[in-house]
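Read the structure below first, then the notes.
Order of the sequence lines fixes the chain letters, A, B, ..., with proteins taken first and strands second; residue numbering starts at 1 for each chain. Values in this document were obtained by computation on a predicted structure and should not be read as measured data. Computation of the quantities below employed the complete heavy-atom set of this structure, encompassing side-chain atoms and omitting hydrogens, waters and symmetry-equivalent molecules.
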2 protein chains.
Amino acid sequence: MRFPKLFERLATLAPLPAEEWVKAEAVAKEQSLAKRELFMRPGDAADRFAVVLQGVFRGVRVSPRGGESIKAFRAEGELIGAYAEMLQRLPSMTAIEALEPSHVLVFQTQDFQQLEQGHVCWERLARRVAEQHFVLKERREQEFLELSAEERLVKFWEEHPHLKGRIPQRDVAAYLGITEVALSRIMSRRRKRAE
Amino acid sequence: MRFPKLFERLATLAPLPAEEWVKAEAVAKEQSLAKRELFMRPGDAADRFAVVLQGVFRGVRVSPRGGESIKAFRAEGELIGAYAEMLQRLPSMTAIEALEPSHVLVFQTQDFQQLEQGHVCWERLARRVAEQHFVLKERREQEFLELSAEERLVKFWEEHPHLKGRIPQRDVAAYLGITEVALSRIMSRRRKRAE
DNA sequence: CCTCCGCCTTAACCCAGGTCAAGCCCAGGT
DNA sequence: ACCTGGGCTTGACCTGGGTTAAGGCGGAGG
């Protein structure tokens, strides 16, 4: 087994026999990405995903009107990929970019479907993953519905302390749905209030 | 089989043997709700869900600061329940209220888990449901990130034409994340622009 | 060493949407 | 027919965040 820590992490989501994980490792490929390099670009087929072994990524959606907004950041142990597009069998509308020199473990969805044929554990795992992603998105929805930009900022750092210092401010702003300028103002306002 | 149309609908999501559906019908209970009656209230255990047979519901979250925001509307053929809370085994933080005299088919999650033990089809169906809910939430997230309230309004009616006339304006506003006043202004602005 | 560039801040101005308050319309109840 | 109350609109005023544009600052390359 090449990635025992990853195996343990997945096994907490759903019962996962070690043999099955070994099969999965066999079809996965490691990939290294330089800072700023894209794991996926808009227009690509959404036919693969990866687990982050090392590094941080941002999922960027470039809107028709030019602006970029950020759907999520992903660090060690988390999944990257155009998940919604994969589920809908659409080409990716998302760019996934390394914010640091990174290292990931890539799966083709096709290979993953093979694994599903072989053992029910994968079906269950996929379910858990979908459910967890749902919970995260619903939490975010809630934040947009009832919190101000400032409150969202505070929550962001509470929930993602491990990203401190690893992502540029402008990306935090794009994640919160505001501009870099507004974020800067909010921070200076808080600084003043704090003294 | 008591609900053949529902069976057909579910069968489009994942292969579902008719016998399994009959078993499910056996553990489900029909329930009628008056207008304004709650299917679930905040604090309730999130241990059941239902399919809407007739009527419309709104999922309301009452925030600590008193305001209510609306997570979703659900009409015929759709699921109601405190899904995120159920997945996290938390008590419901959501009120689910009938906006019309309604009729639903209720399942206890416990009974559903029994069904899952009996046949893999339910696992697969649960996965599809989770995935579809995820896609919907992500779409909504996108709308908050890149659209104005007015654009969100237009999209809302494009995506939910069947709700026309069945839900009060203030609820549409609470769904869009704005006040009833702002919604009214937006609508009058569009009316003027249209002549 | 200086310059350039990427990232952040600050300031001036504008506008969407929030808040508060008054008023309208209409359906239901007496 | 009259009240009443719920749901919607409108107006006046305020505020958070957008836009534009001008610096500031620190690190990489000449």
Side-chain angles (χ1 to χ4, degrees), chain A residues 34-37 56 58 60 62-70 73 97-101 143-157 163-195, chain B residues 34-37 56 58 60 62-70 73 97-101 143-157 163-195:
Chain A
K35 181 170 175 170
R36 308 241 68 197
E37 192 175 346
V56 191
R58 54 174 201 168
V60 183
V62 181
S63 71
R65 269 68 189 144
E68 4 184 277
S69 52
I70 294 201
F73 297 100
E97 181 184 341
L99 293 174
E100 302 174 351
E143 292 171 7
F144 279 115
L145 284 171
E146 53 192 41
L147 301 181
S148 67
E150 176 163 0
E151 294 168 311
R152 295 204 300 278
L153 173 65
V154 171
K155 268 216 167 170
F156 177 79
W157 287 122
L163 296 178
K164 274 245 149 92
R166 303 174 77 182
I167 57 183
Q169 305 271 57
R170 102 156 60 80
D171 286 344
V172 176
Y175 179 83
L176 297 176
I178 60 179
T179 59
E180 160 188 42
V181 179
L183 177 55
S184 179
R185 264 193 307 236
I186 288 169
M187 289 184 0
S188 83
R189 212 188 304 154
R190 312 192 87 235
R191 244 174 279 134
K192 287 196 187 116
R193 228 180 302 147
E195 8 145 314
Chain B
K35 181 169 176 172
R36 307 240 69 199
E37 192 176 345
V56 193
R58 54 174 200 167
V60 183
V62 180
S63 73
R65 269 67 189 144
E68 12 182 89
S69 51
I70 294 200
F73 298 100
E97 181 184 342
L99 293 174
E100 300 174 352
E143 291 171 7
F144 279 115
L145 283 169
E146 52 191 42
L147 301 182
S148 67
E150 175 162 1
E151 292 168 313
R152 295 204 299 279
L153 173 66
V154 172
K155 267 215 166 169
F156 177 79
W157 287 123
L163 296 178
K164 274 243 151 92
R166 302 175 77 182
I167 57 183
Q169 304 270 55
R170 102 157 63 79
D171 287 344
V172 177
Y175 179 84
L176 297 177
I178 61 179
T179 59
E180 129 187 74
V181 179
L183 178 55
S184 178
R185 269 192 304 237
I186 289 169
M187 289 181 6
S188 83
R189 212 189 303 154
R190 312 192 88 232
R191 244 174 281 132
K192 287 198 186 112
R193 226 180 302 144
E195 4 145 315

Pairwise side-chain contact, B/Glu97 with B/Arg36, heavy-atom cut-off 4.5 Å (strictly under) | yes
Got B/Leu183 and B/Thr179 here, is their nearest side-chain heavy-atom distance under 4.5 Å?
-> no
What are the residues of residues 145-155 of chain B, sorted by number, that bring a heavy atom to within less than 4.0 Å of DNA chain D?
-> none
Would you jot down, in residue-number order, the residues of residues 165-173 of chain A having a non-hydrogen atom under 4.0 Å from DNA chain D?
-> none
Strand-adjacent residues in residues 183-192 of chain A, judged by heavy atoms under 4.0 Å from DNA chain C = A/Ser184, A/Arg185, A/Met187, A/Ser188, A/Arg191
Distance, rounded to the nearest Å, where [X] contributes [atom1] and [N] contributes [atom2]:
| X | N | atom1 | atom2 | result |
| --- | --- | --- | --- | --- |
| A/Leu99 | C/dC7 | CG | P | 11 Å |
| A/Lys35 | D/dG27 | NZ | P | 13 Å |
| A/Phe144 | D/dG17 | CZ | P | 12 Å |
| A/Arg36 | C/dC5 | CZ | P | 16 Å |

Return the nucleotide paired to C/dT30: Watson-Crick means purine N1 to pyrimidine N3 with N6-O4 or O6-N4, wobble means G-U with N1-O2 and O6-N3, both under 3.5 Å.
-> D/dA1
Would you please confirm or rule out a distance under 4.0 Å between OP1 or OP2 of D/dG18 and any side-chain N or O of A/Thr179?
-> yes
Relative to the ring of A/Tyr175, is the ring of A/Phe73 parallel (under 30°), tilted (30 to 60°) or perpendicular (over 60°)?
-> tilted
What's the shortest heavy-atom distance between [X] and [Y], and which atoms?
| X | Y | answer |
| --- | --- | --- |
| B/Ala34 | B/Ala98 | O-CB, 3.6 Å |
| A/Leu163 | A/Trp157 | C-CZ3, 3.9 Å |
| B/Ser69 | A/Glu146 | OG-OE1, 3.4 Å |

Partner of A/Glu150 by side chain to side chain contact (heavy atoms under 4.5 Å, CB included), out of A/Arg185, A/Lys155, A/Arg189, A/Met187 | A/Arg189
Interatomic distance, A/Ile178 atom CD1 to A/Ser148 atom OG [nearest 0.5 angstrom] | 9.5 Å
Spacing of A/Glu68 atom CD and B/Leu145 atom CG [to the nearest 0.5 Å] | 12.0 Å
For the pair A/Lys35 and A/Glu100, evaluate side chain to side chain contact (heavy atoms under 4.5 Å, CB included) and give the outcome as yes or no after the intermediate values.
-> CA-CA 4 Å; A/Lys35 181 170 175 170; A/Glu100 302 174 351; 5.7 Å; no
Check whether more than 12 heavy atoms from other residues, nucleotides or ligands sit under 6.0 Å from atom CZ of B/Arg193, and answer yes or no.
-> yes
Between D/dG17, C/dG18, D/dT9, which nucleotide gets closest to the side-chain atoms of B/Ile178?
-> C/dG18
